[in-house]
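Sequence lines set the chain letters: A, B, ... in the order given, protein chains first and strands last, and positions in each chain run from 1.
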Protein chains: 2
Amino acid sequence: MATISDVARSAGVSLSTVSYVLSGKRSISEPTRTRVLDAVALLGYRPNAGARALASASNRTGVIGLVVPLHEDADVNVVMQFVRAVTTTARRHEADVLLLTQEDSAGLERVTATALVDGLVVLDIAVDDPRIPLLAGLGRPVVLIGLPRETQGLSCVDFDFALAARTAVDHLARLGHTSIGLVSSSTSSVHQAGYADRLQAGFLEQAAAAGVRVATQSCDPTAAAARTCLAGLRAQRPDLTALVVHHEAALPHLVSALGEQGVRIPRDLSLVSVGAAGAAAGLPQPVDVVEVPVGEMGRVAVEMLSARISGAGTAEVRLLSSPLVTQGGSAPAS
Amino acid sequence: MATISDVARSAGVSLSTVSYVLSGKRSISEPTRTRVLDAVALLGYRPNAGARALASASNRTGVIGLVVPLHEDADVNVVMQFVRAVTTTARRHEADVLLLTQEDSAGLERVTATALVDGLVVLDIAVDDPRIPLLAGLGRPVVLIGLPRETQGLSCVDFDFALAARTAVDHLARLGHTSIGLVSSSTSSVHQAGYADRLQAGFLEQAAAAGVRVATQSCDPTAAAARTCLAGLRAQRPDLTALVVHHEAALPHLVSALGEQGVRIPRDLSLVSVGAAGAAAGLPQPVDVVEVPVGEMGRVAVEMLSARISGAGTAEVRLLSSPLVTQGGSAPAS
DNA sequence: TTGAAAGCGCTACCAA
DNA sequence: TTGGTAGCGCTTTCAA
């Protein structure tokens, strides 16, 4: 590998001149500039990233850490969407992405303290995430995806699940529905993350405001559980005419259970799904959706992290929202 | 952040002594060792990764690059399994993982030339992958997952698809089956990767050796395509009594199509699937499987890369195999 | 507009 | 068994 002094020698200039040509932090005469750039091209010179980080005043490595859940029950599609958005956005900020798994809790300290990364994006944050104190004490910018109880000095990005539920209920209430069910996940990880509770709170709040009767039921992602879930909702409220489903994995089972029972969407039942993109795709019957903007969340997280790494901005909580998209899943209550 | 000289001062020793205590490359008296380690603990000292890489003779950064396909039609489950195995194994070798996407072709050169990474693991290699010349000219150890036509100086890890097919055919032939069908994917990316062809070659070879009649048919992952595929196979060979399926996404559709047609597995038809772990899970009827050891491939790739980074080993091609697991998917031909 | 040189934090050599 | 110090490849002052 050619070094900067190889370039300097080849171009017949000093080492610092090469550095300034490359960084643009000093005005350079055109002939010199050309000679240097020619030498760079000739030698195929690329500055050593480590040396650059070590010498620079900012001490930046141009690498951000991304902590992802890679365990079995993580939603691989959602994780992939995040990863794609984060890497893409990072590149736009001249940064690369170092991957850390959630299991490697020592990794947070390691990559941060050894100056491998300039900052971290951490997925899958629980309401009372045990990593919060550690992350807060790292002394590096951190952006959490999720909304923990304590956010002292940490930036957070999340979807506004409460607003999504209010939007869904409002949409259905305007169509004349007065009795609406909510289906949520029964898995504990979803509840530890807190968004199920926030969604339910929004659901209940808007229902109360609109004078809508409610039923709530959790569901497992199987055909049998879907049938049980529907039966449970009907037992609570025989007059249900609409459903808000916050459970991507159970959605297809619910839809086909309804189909088997001769319940037609939207004629007999209106259905709004809250979930990641694609969750409602490929369903035999269309439903309305409030999409969790996973990619957007990843993008915003990196933007916030970049800003904080550059010393701009302060820790803040950003809750993203997205509109309800009607695609034939809802109809006026009859 | 505390530096090594902070530690030296605090411990009342020289800078080099601290370095030697930490690296263990010199024998140190017990009292000195203790004083240094105490100072390290007291100050929370962690060596700067960049400075260490810069100064060390080996010039190693302790980071390996992982190039993954993140585009829509990549199998997210398989990619995740790779990523998990690679990160886990890398950690066992004291390395971290930098993530690069397949789209970022300039990234190969960037992370390698700027010494961000010590080497690369590249997934999803096509038979005539356009990146091969670039990768070969990088001047850093590279391990490919896949088997390109030209492997000059590059290490490769892949599953022995030909052997898997031979194993499946052999198993079925021993059970007395004399007419066996092969279902493969029709997607072009699978064929560019070459393993579909290798599997088919092994299938035909073993069939010829065992005097087995064959039918081959590609299939799309839909219920309709599965029915068409089965009809096509029967048209070629009305006497088919066994199937080898090399198409994870189509497998459930094939199985349920068979179920609808009253074809019972294994009584009426024996079925062996070749695919990643879990592909045959959750099927209404059990099938036999030859599992593509995705995690193992990732593990081996990192082991090979680590060895090459340490200067050990040479470029080699390793084809992994795995046994056929019977789980009630096959029975003697009647 | 340019060059010289002092570090960045560390490793590893040369001495003692 | 230890210390001093010359770099690793770069950025950024200070001087010209």
Side-chain angles (χ1 to χ4, degrees), chain A residues 1-37 39-40 43-63 94 110-118, chain B residues 1-37 39-40 43-63 94 110-118:
Chain A
M1 283 295 104
T3 72
I4 197 171
S5 30
D6 295 330
V7 176
R9 198 175 322 119
S10 166
V13 298
S14 80
L15 201 151
S16 55
T17 297
V18 176
S19 175
Y20 283 119
V21 167
L22 261 25
S23 70
K25 292 186 178 175
R26 196 190 238 186
S27 55
I28 304 280
S29 74
E30 198 44 40
T32 305
R33 226 180 75 83
T34 309
R35 283 226 313 288
V36 169
L37 291 179
V40 165
L43 298 174
Y45 168 75
R46 309 279 334 236
N48 180 295
R52 174 170 267 188
L54 192 57
S56 72
S58 69
N59 240 339
R60 301 244 304 263
T61 63
V63 178
E94 318 263 64
R110 182 182 66 250
V111 301
T112 250
T114 62
L116 255 187
V117 305
D118 297 329
Chain B
M1 283 296 103
T3 72
I4 197 171
S5 32
D6 295 330
V7 176
R9 199 176 320 118
S10 166
V13 299
S14 81
L15 199 154
S16 55
T17 297
V18 175
S19 176
Y20 284 117
V21 167
L22 262 25
S23 71
K25 292 187 178 175
R26 196 189 239 186
S27 56
I28 303 282
S29 74
E30 199 43 42
T32 305
R33 229 182 71 83
T34 309
R35 283 227 311 288
V36 169
L37 291 179
V40 165
L43 299 173
Y45 168 74
R46 309 280 335 233
N48 180 295
R52 171 171 268 187
L54 193 57
S56 72
S58 68
N59 241 340
R60 302 241 305 262
T61 63
V63 178
E94 319 262 64
R110 181 182 67 248
V111 300
T112 249
T114 62
L116 255 187
V117 304
D118 297 329

Tell whether [X] reaches the base of [N] with its side chain through a donor-acceptor pair below 3.5 angstrom.
{"X": "A:Arg26", "N": "C:dT1", "result": "no"}
{"X": "A:Thr17", "N": "C:dG3", "result": "no"}
{"X": "B:Tyr20", "N": "C:dC13", "result": "yes"}
{"X": "A:Ser14", "N": "C:dA4", "result": "no"}

Polar side-chain atom of B:Ser23 near backbone of B:Ser19 as donor-acceptor pair, under 3.5 Å: yes

Check: A:Arg35 side chain, A:Ala11 main-chain N or O, donor-acceptor pair, under 3.5 Å: yes

Spacing of B:Asn48 atom CG and B:Thr3 atom OG1 [to the nearest 0.5 Å]: 10.0 Å

Spatial distance of atom CG (A:Leu54) from atom OG1 (A:Thr61) [nearest 0.5 Å]: 12.0 Å

Mind calculating the distance between [atom1] ([X]) and [atom2] ([N]) to the nearest angstrom?
{"X": "A:Lys25", "N": "C:dT1", "atom1": "NZ", "atom2": "P", "answer": "18 Å"}
{"X": "B:Leu15", "N": "C:dA15", "atom1": "CG", "atom2": "P", "answer": "20 Å"}
{"X": "A:Leu116", "N": "C:dG9", "atom1": "CG", "atom2": "C1'", "answer": "14 Å"}
{"X": "B:Ile4", "N": "C:dT11", "atom1": "CD1", "atom2": "C1'", "answer": "8 Å"}
{"X": "A:Asp6", "N": "D:dC8", "atom1": "CG", "atom2": "P", "answer": "11 Å"}
{"X": "B:Leu54", "N": "C:dG7", "atom1": "CG", "atom2": "P", "answer": "17 Å"}

